[in-house]
Colleague: 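Structure in C-alpha cells, see below.
Since we're looking at a predicted model, the values are computed, not measured. Quick note: numbers below take in every heavy atom, side chains included, and nothing from hydrogens, waters or symmetry partners.
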Amino acid sequence: TGDFAMLKPLLASATTLVVSAALAGATLAADTCGRWQASVSSLSGEGRAFNARVCMVGKPAFGFEITCRGPQALHLRFLAESPNDVDFSNKTLPVAYRIDGTTHTLPSQFEGLDGAFTANVAVSSPLIAALKSGSEVVATIPGTPVPEHRIPLSGSRTALDRLIARCAKG
C-alpha cells in the first residue's frame, strides 16, 4: 500500500498526459479543437469508430466524445480535467451540463483509464436537443474538486445530426 501511495500521483499524471494526447492529437488535431467534428476517428482508449466530438486544448485539456449505443441511444464521454489526488474509480457521480440556463444532470460512471465520465442517453433526450441548439455547455461535477469546463457548441448540431443518422442505420 505504501508503494502504491507513492505511485498514485505519477499514475494520475500519466493519465492526464494520455487524455491530453488523445484530445490534442489522436482524437482531433490541435488546429480543429474547439470545433465539433463527426467522422471515424480514434477514441480515447476504445479504438476507432464514427463519433461526434470536440476538444479544448490547453490547461486543462478536456472535451466530449459521443458514439452510438444502438439506433436510439448515444454514449456520452465527458473527458474532464480532475485533480491528481482524487480517486473516482468505480464511482457514479452526477455530471451537470448547463446549456443556455437549463441544467441537465446525468449519473455518470468514471472511467479511470482516461478520466472520462460516461453515460448513455437517448437520442430524443432534452440534453441532446440542448447540445444541438445551445451556444455553450458548462459541465460541472457538483461536490467534487473537478473544475468547471466550458465548451462551445458551434457546429454541434451538424456533428450530432450526422452521428444520429449513422446510428439509425445501425
Side-chain angles (χ1 to χ4, degrees), residues 15 18-57 60-82 88 90-141 146 149-170:
T15 299
V18 168
V19 170
S20 297
L23 287 170
T27 303
L28 285 176
D31 64 341
T32 62
C33 278
R35 292 182 292 187
W36 282 79
Q37 304 286 316
S39 65
V40 174
S41 69
S42 295
L43 299 174
S44 300
E46 294 190 18
R48 295 178 59 80
F50 193 88
N51 63 90
R53 67 206 175 282
V54 65
C55 65
M56 303 303 295
V57 187
F62 55 93
F64 285 110
E65 292 174 342
I66 305 173
T67 56
C68 298
R69 277 293 188 257
Q72 296 300 315
L74 300 173
H75 185 66
L76 173 67
R77 295 172 44 79
F78 167 49
L79 294 124
E81 173 70 18
S82 58
F88 295 122
N90 301 314
K91 291 189 181 172
T92 298
L93 298 168
V95 178
Y97 300 101
R98 189 174 70 246
I99 303 167
D100 297 341
T102 301
T103 300
H104 308 268
T105 303
L106 284 178
S108 300
Q109 179 69 39
F110 178 76
E111 293 181 352
L113 175 65
D114 60 2
F117 292 87
T118 67
N120 292 328
V121 60
V123 166
S124 60
S125 74
L127 173 60
I128 297 302
L131 286 170
K132 289 168 58 173
S133 65
S135 59
E136 177 184 64
V137 58
V138 179
T140 59
I141 304 169
V146 175
H149 295 76
R150 294 179 171 274
I151 299 171
L153 294 174
S154 176
S156 62
R157 174 180 297 281
T158 301
L160 288 167
D161 283 346
R162 287 185 66 202
L163 175 64
I164 291 166
R166 190 62 102 59
C167 295
K169 293 177 183 177

Colleague: Looking only at heavy atoms, which two atoms of A119 and P107 are closest? And how far apart?
Modeller: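 Smallest interatomic distance, heavy atoms only, reads CB-O, 3.6 Å.
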
Colleague: Indicate the atoms forming the closest heavy-atom contact of H149 with F62, along with that distance.
Modeller: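 Taking H149 first and F62 second, the nearest heavy atoms are CD2-CG, 3.2 Å.
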
Colleague: What pair of heavy atoms forms the shortest contact from S133 to R157, and how long is it?
Modeller: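 Closest approach of S133 to R157: CB-NH2, 3.7 Å.
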
Colleague: I need the minimum non-hydrogen distance between W36 and A159, along with the two atoms involved.
Modeller: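 Taking W36 first and A159 second, the nearest heavy atoms are CB-CB, 4.0 Å.
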
Colleague: Working to the nearest 0.5 Å, report the span between CD1 of I66 and NE2 of H75.
Modeller: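 The CD1 atom of I66 sits 10.5 Å away from the NE2 atom of H75.
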
Colleague: Side chains of L106 and F117: closer than 4.5 Å at any heavy-atom pair?
Modeller: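 No, every pair of side-chain atoms sits at 4.5 Å or beyond.
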
Colleague: Compare every heavy atom of C167 with every heavy atom of G70, then report the nearest pair and how far apart it is.
Modeller: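 Minimum heavy-atom contact is O-CB, 3.7 Å.
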
Colleague: Check whether any side-chain heavy atom of R35 sits under 4.5 Å from a side-chain heavy atom of S154, and report yes or no.
Modeller: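 No. Closest side-chain heavy atoms not under 4.5 Å.
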
Colleague: Just wondering, do V123 and L160 contact through their side chains at under 4.5 Å, heavy atoms?
Modeller: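 Of all side-chain heavy-atom pairs linking V123 with L160, none is under 4.5 Å.
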
Colleague: In the structure I gave you, are the side-chain heavy atoms of E65 and C55 within less than 4.5 Å of one another anywhere?
Modeller: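 No, too far: nothing below the 4.5 Å cut-off.
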
Colleague: Are the side chains of I164 and L74 in contact, using a 4.5 Å heavy-atom criterion?
Modeller: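 Counting from C-beta outward, L74 and I164 do come under 4.5 Å.
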
Colleague: Which residue is it: T118, T92, V95? I am looking for the one with a side chain to side chain contact (heavy atoms under 4.5 Å, CB included) to S108.
Modeller: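 Of the listed residues T118, T92, V95, the side chain to side chain contact (heavy atoms under 4.5 Å, CB included) partner of S108 is V95.
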
Colleague: L163 versus C68: any side-chain heavy-atom pair under 4.5 Å?
Modeller: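 Yes, at least one pair of side-chain atoms sits under 4.5 Å.
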
Colleague: Check whether R69 reaches the backbone of N120 with its side chain - one donor and one acceptor, N or O, closer than 3.5 Å.
Modeller: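 No: the side chain of R69 does not pair with the backbone of N120.
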
Colleague: Output the distance between atom CG (L153) and atom NZ (K132), rounded to the nearest 0.5 Å.
Modeller: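 Taking CG in L153 and NZ in K132, the distance rounds to 12.5 Å.
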
Colleague: Check each of R150, H104, E136 against R98 using the side chain to side chain contact (heavy atoms under 4.5 Å, CB included) test, and report the only one that passes.
Modeller: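 Of the listed residues R150, H104, E136, the side chain to side chain contact (heavy atoms under 4.5 Å, CB included) partner of R98 is R150.
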
Colleague: With side chains defined as the heavy atoms from C-beta onward, is the minimum distance between L76 and Y97 less than 4.5 Å?
Modeller: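 Yes; the side chains approach each other to less than 4.5 Å.
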
Colleague: What pair of heavy atoms forms the shortest contact from T103 to A96, and how long is it?
Modeller: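 Minimum heavy-atom separation between T103 and A96: CG2-CB, 3.8 Å.
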
Colleague: Can you measure from CG (L93) to OG1 (T105) and round to the nearest 0.5 angstrom?
Modeller: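 So the CG of L93 and the OG1 of T105 are separated by 12.0 Å.
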
